[in-house]
Amino acid sequence: MPTSLATLESWVDEVASRTRPEQVTWCDGSDDEYSQLVRQMLQSGDLSELNQDTYPNCYLHLSDPSDVARVEHLTFVCTDNADDAGPNNNWLSPADGHERIDALFDGCMQGRTMYVIPYCMGPIDSPYSRCGVEITDSPYVVVNMKLMTRMGAAALQRIEREGKFVKGLHSTGDLDPEKRLIMHFPDELSIKSIGSGYGGNALLGKKCHALRIASYQARAEGWLAEHMLIVGVENPQGETHYIACALPSACGKTNLAMLIPPASMPGWKIWTLGDDIAWLHLDDAGQLRAINPESGYFGVVPGTNEATNKNAYDMIRHDAIFTNVARTADNEPWWENKGVGEPVTDWQGRPYDKANGKAAHPNSRFTVAAGNNPSYSKLAEAPAGVPISAIVFGGRRKELAPLVYQARNWRHGVLVGAGVASETTSANIGEVGVVRRDPMAMKPFCGYNFADYWAHWLSFAGRTETLPGVFHVNWFRQDENGRFLWPGFGENLRVLKWILDRCNGRAEAVETAIGYLPRVEDLDIDGLDINRSDLETLTSINARQWQVEIEAIGEYLASYGDRLPAELRDELQIVADKLAHGSVNTADS
Ligand code: SAT
Ligand code: MN
């Protein structure tokens, strides 16, 4: 018997009798198993080899052209009461949800192998970690789970000890977009996903478990599961402080988590803890601590080059799986803004022709184990996680939002997070570049009613005296000609420095209606090539535009009805009043 846990064994049997696979394989997470699956996929054509001299152990997977991103419109949260899922989720009752999706699972694995993948989200010996088991008929999912999570024998042992795990059932089905569904049953700690082999739809440990199910669990248990990178910033004196930062998908979380300090800031170092998800707990002393539940990265490829993110560029030169990139004549992977080489085959395997659009899909991805990252922090393995000094929210905004500002306090910070809006990206199927509300960058990922989620966030203020500072950033401000005002990438360290200096009482700011802003002279811009007027624009606000924005945030919040916490409404009124009475321009130290 592969497991001593009867509930696990009987669930696997039950799934097998519904899906009727040819065989069932329990995954042990070993390197041998990984190599064996890679060999098998090279034979079946699921993977192809890239140039093994220049990209050793790197492989390319081309997905079905209709299956290249998450599908929010086909993603459901199934709770007894529709209000518990909230207007931020598509809802079905658990009975209807099971009925609709189970019909698609009937016999779907015939002729295929069913893999059973025990995994642990978080360091294997951390009390903050949580386990799951994913059943899938996709060997591509197995190898990605091996790179992204702690999967295999050690996870199974923990699951058997605890007797509790999240059940994730996945099948690629027949990839028909009409028969694609991703369902969550938070009260049952279970996930069912069919019809997609892509990223967040199929690697169930990631968005489905570590965000949607975990956020629901976190609320009941008093912690937070967030769409945040975790980064350590070491100053020239050797002190390291940690920041957790929420940005929507494809807005540069991986780049920020792996930032390379500019040459004009010697002595600074960046340590990566995580690039996508943070689980945050208060410890006994009331300090907020973070772990990264993942152990690998599923990052956006286009735009990665030696100048923008040398760490990522180097990290994906070996032992990486590429999904939906193009290829060069030398059989190297190629993507837009790689900086070297020319595509000869596009992401659909066709001869490259400009007329067909981009060579690599804009949401093409790399998968690598976190250990490949030259700036990987060993503390990512620490069972107790790291203390968080600052929480940063952000979005992609052409206008309005300044480069950075600080919330007046935690309660205001929750409003800042709840009001986040961002232009949509290619990480979801749908229109790109439309501004939409994306509170805490969790719009696609919060497993319950946002109103309850904000109440949960607010409740932290009553639980400790020492909460982190809360900030908002926007790297994407443009002028009327579409030119970016801020250089971004490594230069973002200047903003992180101001943020941490604020938390440590070392930086000045001006109080405005929306919060504390740096003056140009409060930012360290030594050696930065940027003109003064761009900096002025980046560090100022337009009160009239903000009045319109605050009104829009008010309407958005009101759409949550009676469940909206009154504190949030009060906080919004404070900002509206400050805007109406002219911003207070007092220097603050
Ligand atoms: O496809 S994923 O959800 O894994 C990536 C993303 O959208 O952030
Ligand atoms: Mn993400």
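Throughout, residue positions are numbered sequentially from 1 according to the sequence presented. Here the structure is a predicted model, which means the values were calculated and not measured. Counting starts at 1 for both ligands and their atoms, in listed order.
Take the N/O/S atoms of D276: the one nearest the Mn ion (ligand 2) is OD1.
Given atom 1 (O) of ligand 1, the protein heavy atom at minimum distance is G200 N, 2.9 Å. Atom 8 (O) of ligand 1 has S249 OG, 2.8 Å as its closest protein atom, hydrogens excluded (heavy atom only).
For an aromatic pair to be called close, the ring centres must be under 6.0 Å apart, and Y405 with H472 satisfies this.
The distance criterion of under 3.5 Å between nitrogen or oxygen atoms is met by R70 with respect to ligand 1. Residue contacts with ligand 1: K207 is placed with a nitrogen or oxygen under 3.5 Å of a nitrogen or oxygen of the ligand (distance criterion only).
With the Mn ion (ligand 2) as the vertex, NZ of K207 and NE2 of H227 span 90° to the nearest 10°.
Atoms of ligand 1 found under 4.0 Å from any heavy atom of F298 (numbered from 1 in listed order, with element): 1 (O), 4 (O). Within ligand 1, counting atoms from 1 as listed, the ones closer than 4.0 Å to a heavy atom of A427 are 7 (O). Each of the following atoms of ligand 1 lies closer than 4.0 Å to a heavy atom of K206: 4 (O). Less than 4.0 angstrom separates some heavy atom of R365 from each of these atoms of ligand 1: 5 (C), 6 (C), 7 (O).
For the pair R436 and Y556, the cation-pi test (distance below 6.0 Å, angle within 45°) is failed. Cation-pi check for R396 over F476 is met; the charged atom lies under 6.0 angstrom from the ring centroid and within 45 degrees of its normal.
Here the CZ-OG1 distance, from F185 to T79, works out to 10.5 Å after rounding to the nearest 0.5 Å.
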(message) Assess the residue pair R150 and E381 against the criterion (salt bridge (Lys or Arg N to Asp or Glu O under 4.0 Å)); give the C-alpha distance rounded to whole Å, side-chain angles, the decisive distance to 0.1 Å, and a yes or no.
(response) CA-CA 11 Å; R150 286 125 177 132; E381 307 291 338; 3.2 Å; yes
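Ion pairing between a basic and an acidic side chain is recognised when a charged N comes within 4.0 Å of a carboxylate O; E399 and R477 show no such pairing.
Checked options F366, Y140, Y198; the residue passing with H61 is Y140 (criterion: ring-ring contact (aromatic ring centres under 6.0 Å, His included)).
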